[in-house]
Trainee: 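Quick one: this structure, given as structure tokens, is what I'll be asking you about.
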Amino acid sequence: MNSKMRHINRNRGVAIVEMVVVLPLLFLMLFVTAEIGRAFMQYNTLTKSVRDSARFVAENAMLGQTQNIYIDETLLAQAQNLVVFGSVNGADLSPLLPGLTTGDVQVAAASTDDISVTATYAYQPISPVLNRFGFGTNSSAAYTFRAQATMRAL
């Protein structure tokens, strides 16, 4: 009976060792999954705001009945604000994505009939610990999201 009790106690120790080995791996997998999900969410936010801005510019870029595309400073600022803040007058709003500025947005006539809105965004991870592994804005392998939408001017 005494040897049977020693065998049970040894099994308890093995279970604790297994937990100590597996638990950090599970936490790492959970953290990586959350980081990838956050990256997809930020990329989707960027592409949606670029599409919305391109639609806005396409509706307002034609100069009267001339059928010529004209993007003035006001329309450019409104388009950039729409990408960054989600509103054409982004005066007191915070950016949709942390670190995104109006300087990251380019609006141009792509051809005689089309306009193009392009935005670049340096992805910022949840934890700066990822910078040590080649992810984030402080490393040479920083991820930069680029979204572009081209639409026919109306």
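Just so it is clear, the values below take in all heavy atoms, side chains as well, and ignore hydrogens, waters and symmetry mates.
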Trainee: Taking all atoms of both residues into account, what is the closest heavy-atom pair of Ala54 and Ile115, and its distance?
Mentor: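 Reported closest heavy-atom pair: O-CD1, 3.4 Å.
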Trainee: May I ask you to test the Val83-Val107 pair for a side-chain heavy-atom distance under 4.5 Å?
Mentor: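 The answer is no; the side chains never approach within 4.5 Å.
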Trainee: Give, for atom CD1 of Ile71 and atom CG of Asn60, the distance between the pair rounded to the nearest 0.5 Å.
Mentor: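 It comes to 10.5 Å.
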Trainee: Any side-chain hydrogen bond (donor to acceptor under 3.5 Å, both in side chains) involving residues 93-103? Give me the pairs, sequence neighbours left out, ordered by first then second residue.
Mentor: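 Qualifying pairs: Thr101-Asp104.
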Trainee: Any side-chain heavy-atom pair from Arg146 and Thr144 closer than 4.5 angstrom?
Mentor: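 Sidechains of Thr144 and Arg146: no contact.
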Trainee: Taking the side chain as everything from C-beta on, heavy atoms only, tell me whether Asp52 gets closer than 4.5 Å to Arg55.
Mentor: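 In short, these two side chains touch, coming nearer than 4.5 Å.
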Trainee: Starting at CZ of Arg152, measure out to CD1 of Ile69 and round the result to the nearest 0.5 Å.
Mentor: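 One gets 9.0 Å once the value is rounded to the nearest 0.5 Å.
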Trainee: Tell me if a side-chain donor or acceptor on Glu35 pairs with a main-chain N or O of Ile126 at a distance below 3.5 Å.
Mentor: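 Checking the backbone N and O of Ile126 against the side chain of Glu35, a donor-acceptor pair under 3.5 Å is found.
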Trainee: Determine, using the 4.5 Å side-chain heavy-atom cutoff (strictly less than), whether Tyr123 and Val32 are members of one ILVMFWY cluster.
Mentor: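 Different hydrophobic clusters.
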Trainee: Which value, rounded to the nearest 0.5 Å, describes the distance between Leu82 atom CG and Leu96 atom CG?
Mentor: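 Reported value, rounded in 0.5 Å steps: 9.0 Å.
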Trainee: Can you tell me how far the CD1 atom of Ile36 sits from the CZ atom of Phe31, to the nearest 0.5 Å?
Mentor: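 Taking CD1 in Ile36 and CZ in Phe31, the distance rounds to 11.0 Å.
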Trainee: If the plane angle is over 60° it's perpendicular, under 30° parallel, otherwise tilted; pick one for Tyr121 and Phe145.
Mentor: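 Ring orientation of Tyr121 relative to Phe145: tilted.
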Trainee: To the nearest 0.5 Å, what is the distance between CG on Leu76 and CD on Gln106?
Mentor: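 Reported to 0.5 Å precision, the distance equals 9.5 Å.
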Trainee: Residues in side-chain contact (heavy atoms from CB on, under 4.5 Å) with Gln78, at least two apart?
Mentor: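 Per chain and number, Gln78 pairs via side-chain contact (heavy atoms from CB on, under 4.5 Å) with Phe56, Thr74, Leu75, Val88.
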Trainee: Looking at every heavy atom in both Met29 and Thr33, which two are closest together, and how far apart are they?
Mentor: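 Closest heavy-atom pair between Met29 and Thr33: O-OG1, 2.8 Å.
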Trainee: Where is the tightest heavy-atom contact between Pro24 and Met19, given as atom of each residue plus distance?
Mentor: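 Minimum heavy-atom contact is CD-O, 4.3 Å.
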Trainee: According to a 4.5 Å side-chain heavy-atom criterion applied to Ile, Leu, Val, Met, Phe, Trp and Tyr, with indirect links allowed, do Met41 and Tyr43 form part of one hydrophobic cluster?
Mentor: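 Different clusters.
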Trainee: Between Ser53 and Ser49 (side chain of the first, backbone of the second, donor and acceptor by atom type, cut-off under 3.5 Å), is there such a pair?
Mentor: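 Checking the backbone N and O of Ser49 against the side chain of Ser53, no donor-acceptor pair under 3.5 Å is found.
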Trainee: Going from CG on Asp113 to CG on Asn68, what distance comes out if it is rounded to the nearest 0.5 angstrom?
Mentor: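 So the gap between those two atoms works out to 10.0 Å.
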Trainee: Any side-chain heavy atom of Asn81 sitting closer than 4.5 Å to one from Asn89?
Mentor: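 No, too far: nothing below the 4.5 Å cut-off.
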Trainee: So, do Gln42 and Thr45 sit near enough that their side-chain heavy atoms are less than 4.5 Å apart?
Mentor: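 They are not in side-chain contact.
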Trainee: Minimum heavy-atom separation for Met151 and Arg51, please, with both atom names.
Mentor: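 Closest approach of Met151 to Arg51, heavy atoms only: CE-O, 3.7 Å.
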